[in-house]
2 protein chains.
Amino acid sequence: MVEKIASEWIAALQARGYRMSASLQVVVEVVATSPRVLSPIQAFDLARKKNTKIGLVTVYRTLEKLEEIGLIQRVHQPSGCQGFIAANAGHQHILICENCGLVEYFSGDRLDNLMHDVARESGYRISGHWLQLFGLCTQCQYEIQSSGH
Amino acid sequence: MVEKIASEWIAALQARGYRMSASLQVVVEVVATSPRVLSPIQAFDLARKKNTKIGLVTVYRTLEKLEEIGLIQRVHQPSGCQGFIAANAGHQHILICENCGLVEYFSGDRLDNLMHDVARESGYRISGHWLQLFGLCTQCQYEIQSSGH
DNA sequence: TTACTTGCAAACGTTTTGCACGATT
DNA sequence: AATCGTGCAAAACGTTTGCAAGTAA
């Protein structure tokens with residue numbers, strides 16, 4: 001299932017005309033299968049465990065391609081904006097664990113009314129929105145509680 | 001009115017124990033009175049028009065202080081995350097013009113139900129959220145339309 | 001065989017730090 | 001008088017670009 005996602009991403013890249021290589025495959029696997037937000041360097045470190053030859057630049061270029069196709073999205077956090085996570089189509093909003101980066105997706109349908117109201121009141125023509133929630137996943141709640149905080 | 005905001009910020013900084021200087025005053029004035037998102041360099045350029053001696057580092061350090069006190073907030077945009085805008089207390093959500101950076105504030109009260117639902121469904125303990133809307137302000141809608149786009 | 005991709009090194013823009021001087025309290 | 005803030009220069013950081021060599025199509 002998880003491997004299936006990676007192979008679908010590879011197919012999408014090939015359909016876009018990109019050539020296949022071991023390096024690209026490894027980066028795609030790492031990013032496609034991560035349930036957590038990954039920075040370029042984190043993706044690089046994970047990829048290096050599978051392919052020692054890989055360069056950081058290749059990670060950047062692969063992320064660029066994946067974002068261009070819409071398979072990943074950049075994640076902005078108070079701690080920084082280098083993160084990426086799979087862009088789960090149809091679930092454009094995410095909930096991020098501030099401790100471990102684990103991501104949950106949720107629907108933002110209930111925002112439509114709000115956006116409509118704001119557009120009318122402000123006169124702006126609204127073209128997009130970001131909604132992100134931050135918190136602690138169940139696992140991290142437990143661990144942090146257990147360690148005495 | 002606009003000068004009042006700046007002097008309130010100055011007072012808040014002094015109450016925090018920070019010393020006053022011409023450089024700091026100029027930066028605070030620039031940032032406090034801007035209706036648009038400002039990057040550090042933009043704030044620096046504006047401040048230099050009022051005080052040629054000012055250094056970019058001072059702008060960074062002043063922004064750091066203002067953010068620490070909660071008078072400004074960082075603005076994340078698809079084009080970058082260097083922007084800052086006044087943090088209008090009680091109106092924590094913003095609508096940004098993608099063309100000129102003009103910011104409108106709006107209330108996000110209607111998000112409470114959504115957040116409660118997501119917390120229950122995910123098991124996360126939610127501690128914060130970001131909601132930003134992007135679009136074109138009325139002025140920029142007009143200008144872009146007039147110029148043939 | 002052609003042209004895209006890689007990895008390295010260097011360049012780049014932004015942000016931070018070290019430090020001597022000057023200014024505020 | 002003591003300490004904090006400033007401005008400059010240099011360092012650090014993440015990201016992008018130039019290029020020669022390697023590889024996919």
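Heavy-atom basis, side chains included; hydrogens, waters and symmetry copies ignored. Protein chains get the first letters and strands the later ones, always in sequence-line order, with residue 1 at the start of each.
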Sub-4.5 Å side-chain heavy-atom contact between A/Thr62 and A/Trp9: no

Interatomic distance where CD belongs to B/Glu67 and P belongs to C/dT15 [whole Å]: 12 Å

Contact boundaries on DNA chain D for chain A, cut-off under 4.0 Å to non-hydrogen atoms: D/dG14 to D/dA25

Any side-chain donor near an acceptor of the partner, B/Glu143 and B/Gln139, under 3.5 Å: yes

Nearest-nucleotide 5' precedence on DNA chain D, B/Val57 against A/Gln82: B/Val57

Atom pair CD1/CD of A/Ile72 and A/Glu68 - distance to nearest 0.5 Å: 11.0 Å

Earlier contact from the 5' end, DNA chain C, for B/Glu64 and B/Ala22: B/Glu64

Contact under 4.0 Å: B/Ser21 side-chain N or O vs C/dA23 OP1/OP2: no

Given C/dT24, C/dT17, C/dC4, the nucleotide with the shortest approach to the side chain of B/Arg61: C/dT17

Under 4.0 angstrom between A/Lys65 side-chain N/O and C/dT6 OP1 or OP2: yes

Interatomic distance where CD1 belongs to B/Ile54 and P belongs to C/dG22 [whole Å]: 18 Å

Check against side chain to side chain contact (heavy atoms under 4.5 Å, CB included), A/Val103 and A/Val37: CA-CA 7 Å; A/Val103 165; A/Val37 173; 3.5 Å; yes

NZ/NE/NH1/NH2 to OD/OE distance under 4.0 Å, A/Arg120 and A/Asp117: yes

Whole-Å distance separating the OH atom of A/Tyr60 from the P atom of C/dT6: 16 Å

Parallel, tilted or perpendicular: ring planes of B/Trp130 versus A/Phe134, cut at 30 and 60 degrees: perpendicular

B/Leu38 CG to C/dT14 P, straight-line distance once rounded to whole Å: 15 Å

Separation of atom CD in B/Gln42 from atom P in C/dT14, rounded to whole Å: 10 Å

Rounded distance (Å) that lies between atom P of C/dG22 and atom CZ of B/Arg19: 16 Å

Atom-pair distance (CG on B/Asn51; P on C/dA23), nearest Å: 13 Å

Ring geometry between A/His93 and A/His129 (parallel below 30°, tilted from 30 to 60°, perpendicular above 60°): tilted

Whole angstrom value for the distance that separates P of C/dT5 from CG of A/Leu13: 10 Å

